[in-house]
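The block underneath contains the structure these notes are about, expressed in structure tokens.
Just so we're on the same page: letters track the sequence lines, and every chain starts at 1. FYI, side chains are in, hydrogens and waters are out, and symmetry mates aren't considered; it's all heavy atoms of this structure.
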Amino acid sequence: MKKIALGLLVLSIALATPIAALAKDNAGVTPLLAAPAALRSDAAYLLLRTSRAKSGLFPIQHVMLRIPTAQELEAYRAARKLAYDKALPELTKKAKDGKVPGIDDFEFDYAGKANSFVVDSGKFLEDGEMRTILLELPAGDYILYGITVGGRGLVTCNCLGTVRFGARAGVITDIGSLFADKVHKPSPIPHLEDNLGPSMFQYGFVLGQALVPPDPATPVPAALHALALEPARFEVVGEYYEPGAGGINRLAPIPGLLGYDHGHAVDLRTGKPGE
Amino acid sequence: MIRYIPILLLLAQPLPVAAQAVDPPQALPDPETVKVPDVAPSQDPKVRSEGYKFYYFNNPAVSFAEAYRDLLECRGHLIVAGPAQVPGFIPWDEAHRRKTRQGSPMVAGPDMLTAMVGVAVFSAMAAIIMPKMERGARSNKMRRCMGTRGYERYAITEDAWNALNKGDEQQLLLMQAKLGAAPKPLDEAVTE
């Protein structure tokens, strides 16, 4: 009965999903299915290997976020203010207890350029137990932001700690290997913090992600050997809040790089808390 | 179909009753003055079997003030907004980085309102499922956040759980902090 109910609920929500919400850009990210002959000087590239766990039919995939530029944030805030000012009379009218929501609490459908994206594990350079993926994307600083099931939305954020790295234009940045799976029970995918508690699967998912940074032994496709390639330099990111995520977790500890002290992310190279 | 599952999961978050963020008080009261519900270990099989749903956190290694801060930070994750659309724009700025996120119960945007109309189609069904999904989603967040800070969970009655989780946010924080920093309970921790 519960499954039927959930199925119908899914259907109802699916029917109500605005088409406009599904037509956004992909944050300027293009998965490359073949090695490029040359690298564009105005684009950055990410090389990674990913695990291939699924939940039922749906792949469990990584979500990344490019830290927006000051200009992008300014444009977002201006659009939000415009929408808020327009909605304010209605918000004031609806405020039951006289408390009108502030602009920071105001949600609106922003039509600006995306800065978050799902790493599509079905679009790869090389297949295998771990799939090798090459992405062409805007240069910038990226965060391993979370995990999703399927291709959209953010099911679990790495809100309790993660890492960021820079991707320079004209260079392939190798970020190593990424792993993800459901982690309420033991997972066959290595490196994850798993077996968190079977009851966490009731009425929700808890997904986990792990990173193994590249080292000289990490395999690189032969077709990329002639191209400029450098390992990512990671920085530790401390706790953050993502009110749009269904669940929270943290990137699994990384020996020599990412640790946790009383739950707070710590850069193991410096002993300093994540920023 | 792929795209619908995360949307469902995201909608499983609390709609009208998200935790209200509170400003850290200038000074915490003496924990002796904070009244808490009865959390004495129960041998009632129902309480034991439902411990994964109805519990409180305890870490005997922390002080009342530390427990308060941990709870304040972790309960910040209970504040929800409309589902994060990915791909989409996420304004990574100071609002994401605050240690104690400020906010208030959700203000639904156009996307969420449309989705909620869809939910209303099966409102009777949703009325049964959504509270459980909401509690489960909140529980998962708190378990992960407090668990990584060394807290264990101890089973309590549903009434005691309600007293610790429903009502004035500041009072809830104080009650949970007092229990959070109490000596280790003479009971088995919940592990499932």
Side-chain angles (χ1 to χ4, degrees), chain A residues 5 8-10 12-18 21 24-27 58 63 65 67-68 73 76 101 104-110 112 114-118 148-155 159-160 197-200 202-206 240-250 260 262-263, chain B residues 2-13 52 73 76-77 79-93 95-99 101-104 107-112 114-115 117-119 121-122 125-126 129 132-133 136-137 140-141 143-145 148-150 191-192:
Chain A
L8 289 171
L9 196 58
V10 169
S12 70
I13 292 163
L15 292 172
T17 302
K24 290 186 175 174
D25 67 76
N26 194 37
F58 308 112
V63 174
L65 174 143
I67 296 175
L73 277 175
Y76 168 81
D104 286 342
D105 305 320
F106 179 67
E107 298 291 327
F108 76 112
D109 196 8
Y110 182 52
N115 68 331
S116 64
F117 65 96
V118 176
T148 191
V149 178
R152 288 185 182 274
L154 181 63
V155 175
C159 290
L160 301 176
S199 62
M200 292 181 88
Q202 294 205 358
Y203 309 111
F205 277 63
V206 58
Y240 60 88
Y241 291 90
E242 176 44 81
I248 63 171
N249 203 343
R250 65 186 188 184
Y260 294 94
H262 192 70
Chain B
I2 288 172
R3 62 195 157 94
Y4 307 141
I5 289 196
I7 293 169
L8 170 69
L9 293 169
L10 294 167
L11 281 173
Q13 297 172 89
Y52 73 94
E73 291 176 359
H77 291 287
I79 296 168
V80 298
Q85 293 282 348
V86 178
F89 184 79
I90 295 176
W92 176 264
D93 61 4
H96 277 75
R97 314 304 304 279
R98 279 196 289 250
K99 286 297 177 191
R101 180 176 161 80
Q102 306 299 296
S104 61
V107 181
D111 286 359
M112 180 61 91
T114 310
V117 171
V119 171
V121 172
F122 297 100
M125 195 179 299
I129 296 170
K132 293 180 178 177
M133 296 182 81
N140 280 0
K141 286 182 176 181
R143 281 175 61 172
R144 194 64 185 128
C145 187
T148 56
R149 296 167 193 233
T191 56
E192 63 175 317

Best-contacting candidate, Val86(B), Asn140(B), Thr191(B), against chain A by heavy atom pairs under 4.5 angstrom: Val86(B)

Flag the pair Pro83(B) / Leu154(A) as yes when at least one side-chain heavy-atom distance between them is below 4.5 Å, and no otherwise. no

Is the backbone of Tyr52(B) close enough, under 3.5 Å, to the side chain of Ser199(A) for a donor and an acceptor to pair up by distance? no

If we only count heavy atoms from C-beta on, is the His77(B) to Leu160(A) side-chain gap below 4.5 Å? yes

Any side-chain heavy atom of Tyr241(A) sitting closer than 4.5 Å to one from Glu73(B)? yes

Could you go through Ile90(B) and Asn115(A), starting from their C-alpha distance and side-chain angles, then the distance that decides it, and tell me whether this counts as side chain to side chain contact (heavy atoms under 4.5 Å, CB included)? CA-CA 7 Å; Ile90(B) 295 176; Asn115(A) 68 331; 4.0 Å; yes

So do the side chains of Cys159(A) and Lys141(B) get within less than 4.5 Å of each other, counting heavy atoms only? no

Work out which heavy atom in Leu73(A) is nearest to a heavy atom in Phe89(B); give both atom names and the distance. CD2-CZ, 4.4 Å

On a heavy-atom basis, which atom in Pro87(B) and which in Ala27(A) lie closest, and how many Å separate them? CB-N, 4.5 Å

Is there a donor-acceptor pair closer than 3.5 Å between any side-chain N or O of Ser116(A) and the backbone N or O of Gly88(B)? yes

Heavy-atom cut-off 4.5 Å, strictly under: side chain, backbone, both or neither for Val118(A) against chain B? both

Spatial distance of atom CZ (Arg143(B)) from atom CE (Met200(A)) [nearest 0.5 Å]: 5.0 Å

